[in-house]
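Below is one structure, written out as structure tokens, with a few remarks after it.
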Protein chains: 2
Amino acid sequence: MNKPVTIKDIAKKFKCSPSTVSRALNNHPSINEDTRRNLQEYAQKVGYQRNQVSLSLLNKKSANVGVIVPTINNYYESAIIEGIDAVLQNMGYTLNICVTNEQYLLEAEYVEKLLSNRVEGIFLSVSQETYDSGHYEHLEQVVKRGLPLIYIDREYEGFATGSVTIDDYDGAFAAVEHLIQTGRKRIAHLRGPNGMALAEQRFRGYIECLKKHNLDIDESLIITTNFKVESAIEPTQSLLDLPEAPDAIFGVNDQVAIGAMKVIRSRGLKVPENIAIAGFDDSPISAYIYPSLTSVARPGRRIGMEAARIFEASQKDTGETTVTTLVLPSELIIRESSC
Amino acid sequence: MNKPVTIKDIAKKFKCSPSTVSRALNNHPSINEDTRRNLQEYAQKVGYQRNQVSLSLLNKKSANVGVIVPTINNYYESAIIEGIDAVLQNMGYTLNICVTNEQYLLEAEYVEKLLSNRVEGIFLSVSQETYDSGHYEHLEQVVKRGLPLIYIDREYEGFATGSVTIDDYDGAFAAVEHLIQTGRKRIAHLRGPNGMALAEQRFRGYIECLKKHNLDIDESLIITTNFKVESAIEPTQSLLDLPEAPDAIFGVNDQVAIGAMKVIRSRGLKVPENIAIAGFDDSPISAYIYPSLTSVARPGRRIGMEAARIFEASQKDTGETTVTTLVLPSELIIRESSC
DNA sequence: AACAGGACTGCAAACGTTTGAAATTTTTAG
DNA sequence: CTAAAAATTTCAAACGTTTGCAGTCCTGTT
């Protein structure tokens, strides 16, 4: 209920002008020592708090940045956010978080809202539906405003000030190559949804690695899942029912790999003796399940930090618009499930 | 670089006053049909975007709420945030996320910043250091401003408009009772840091349950950890080295329980045959590790949603300041590690 | 005594929008 | 054709802060 104290209130109390109060509180040199002390003490006493909103209006700077992600309740995404925060927090920026749930409409709405809030930059992980829809006008707007638009993890080739991703292709390639090097010959892939960039790249990594090692590509060993544990159950069962079952499974992520592992073990088969497993994400789970899961690690926190640094840089060099594209290496973490 | 188009710009172009433009864009009834259509079309064409900052200044409403949490990169916390977002997003609010890393100083700073940003409410999970320091002036400020302050998960008895927590005592009690009912008699507790509310309550639940069932409280079976997997390693080893080892271990959270499980298995002992294990959090891990982990589930998403609803309610009834305190039930999920 | 200079303070405009009241234009009725 | 009514538009203030410029007052110098 208490209206916040304003500079004007203080000025009235002291029978001086708002300018004087403002300068006093900002330690402007041309203010009398006594005046300044008195005003500062009084402001302190009544709990004066500078109104950032009016300042934002005046300076056309809000000290806010937008972060738009498909989901937040997930180790990898939240690590990215934490990384962004770690860098930007001591530069005084506040993070405006928007969760799209993979919906294009929400993504577009959020961009509007953030622009309307006059954020100074937008970090975006493109939602699946946006890829599907092919609509990118909302992103074009951001760039037209001259605002930094930085893709985190899920990028789009256009409108960017920068992007920080990892090489999904490489990561998948490494995982599959590892399975081959440990002697597996019939390697199945529980892949992600069609059309999704990340899923396609991992799929490509899988395919190319098989080709490189002159292994047959058997369509019956490639089944689509939706990243969730349950979506791996049925596919894995059909894999095991094949006349010639696979001797290894590469899951598009850890959840799927874990789902596969569950089915395998429930059939009395052993991991990795009968079938080796590898996943993707190195989620905290993977080190602790039994057998522990070989997985490709994605440096979420670092992605966030690097993205924030690109933003930081974009604030400095006014003028040039350089596009910084960073592809961070993924790292294959070898554990029990593939040895 | 492109300066955003303002209402004034449009007014100049159309040789009319800003008022007219404003009303046209807001579909004010007293605007001529043609004028309105023309203005709206033009605004659309040049990509006019209402400046929310100036509106905030005018209305003293920012459509922002602050969310202050100790950490975000964690299943439970991010579920809470997701819950808040789910409710507030279609009311048009933007979440300003602040991560304190359990530091009192950051927490206080963030409160200042959010107040300065004129958020309309603050959701807070109190940081550990703040409990330790005993400083709550920053929270007092929030309430003095007449802003809703809603505790999520970690509360403090004071200054609140509301709080949504779970009953840690109850959850711990239920877990320990379950262990007792399955025949265990020497139940160890890997507890959390001293002084931390959540840790203390779980500890109390453990103690009281033992008392209720007339079991001895053996100080040597109670060891402090810091929630991390590694912090459970050494304590578990010393538990196993006791002349009379425990037949069950209740971990303050899943991480600790998993750490304990690792040590036990590495010694060739079996879970749950030799030693039963129970954790707390029902993190996504717990269902998938082997053996799967008995754990107390905390409804993170629901906490967030309920908190958001309390905020929503506080916006409606102007006047009365009722304090809504909600304690959500935790739920014991029984899995293999304790059967 | 006059004046330069320094020390301090106030004025007014600006940021972009909304809104009650006043002013203008158009329409209607007599 | 005029006056009143209706329709439409403009004025001006407000939100809280900063800042270049102008103003005031005092001190010291010649």
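Here is the naming used below: chain letters follow the sequence lines, and residue numbers restart at 1 for every chain.
- Contact check for Tyr151(A) versus Val126(A): side-chain heavy atoms found under the 4.5 Å cut-off.
- For Lys60(A) and dA14(C), the shortest distance from a side-chain N or O to OP1 or OP2 is not below 4.0 Å.
- By the 30° and 60° cut-offs, the orientation of the rings of Tyr136(B) relative to Tyr156(B) is parallel.
- Comparing Ser54(B) and Pro29(B) by the nucleotide of DNA chain D that holds the closest heavy atom to each, the one mapping nearer the 5' end is Pro29(B).
- We find that CG of Leu39(A) is positioned 13 Å from P of dT17(D), with the value rounded to whole Å.
- Among the protein residues, Tyr48(A) comes within range of the sugar-phosphate backbone only, with heavy atoms under 4.0 Å from sugar or phosphate atoms but none that close to a base.
- Side-chain atoms of Ser30(A) lie closest to dT9(C) of the nucleotides dT9(C), dA14(D), dT17(D).
- OP1 or OP2 of dT18(D) lies within a sub-4.0 Å distance of a side-chain N or O belonging to Arg50(A).
- dG16(C) atom C1' lies 14 Å from atom CG of Asn117(A), rounded to whole Å.
- Here dT10(D) is the nucleotide among dT17(C), dG16(C), dT10(D) with the atom lying nearest to any side-chain atom of Cys16(B).
- With hydrogens and angles ignored, no donor-acceptor pair under 3.5 angstrom links the side chain of Arg118(B) to the base of dG16(D).
- Remark: P of dT26(C) and CD1 of Ile31(B) are 15 Å apart, rounded to the nearest angstrom.
- Following rounding to the nearest Å, Ile7(A) (CD1) and dG10(C) (P) show an atom-to-atom distance of 13 Å.
- Within the structure, a side-chain polar atom (N or O) of Ser17(A) is placed less than 4.0 Å from OP1 or OP2 of dG10(C).
- One can place CG of Leu55(B) at 18 Å from P of dA14(D), the figure rounded to the nearest angstrom.
- Between Tyr93(A) and Phe311(A), the two ring planes are perpendicular [angle over 60°; tilted spans 30° to 60°].
- Between the CG atom of Asn38(A) and the P atom of dC8(C) there is a distance of 14 Å, rounded to whole Å.
- Regarding contacts with the backbone of dG16(D), every side-chain N or O of Ser22(A) stays at 4.0 angstrom or more from both OP1 and OP2.
- A close approach under 4.0 Å does not occur between any side-chain nitrogen or oxygen of Thr35(B) and OP1 or OP2 of dT8(D).
- Close to dT17(C), at under 4.0 Å from its OP1 or OP2, lies no side-chain N or O of Asn51(B).
- Paired with Ile97(A) under the rule side-chain contact (heavy atoms from CB on, under 4.5 Å), one option of Ile68(A), Asp85(A), Ile81(A), Ile84(A) passes, and it is Ile81(A).
- Side-chain atoms of Arg23(B) come within donor-acceptor range of the base of dT10(D), with a qualifying N/O pair under 3.5 Å.
- Nucleic acid contact for Thr6(B): sugar-phosphate only, since backbone atoms but no base atoms lie under 4.0 Å from a heavy atom of the residue.
- The base of dT17(D) does not come close enough to the side chain of Ser19(A) for any donor and acceptor atom to sit less than 3.5 Å apart.
- Protein atom CG of Asn59(A) is 8 Å distant from nucleotide atom C1' of dT18(D), rounded to whole Å.
- A close approach under 4.0 Å does not occur between any side-chain nitrogen or oxygen of Asn32(B) and OP1 or OP2 of dT9(D).
- A salt bridge between Glu312(B) and Arg309(B) is absent, with no side-chain N of the basic residue lying under 4.0 Å from a carboxylate O of the acidic one.
- Note: NZ (Lys61(A)) to P (dA14(C)) measures 22 Å, nearest angstrom.
- The side chain of Lys8(A) contributes an N or O atom lying less than 4.0 Å from OP1 or OP2 of dC15(D).
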(Q) Between Asp34(A) and Arg37(A), does the salt bridge (charged side-chain N to carboxylate O under 4.0 Å, His left out) criterion hold? Intermediate values first, please. (A) CA-CA 5 Å; Asp34(A) 291 345; Arg37(A) 194 160 18 77; 2.8 Å; yes

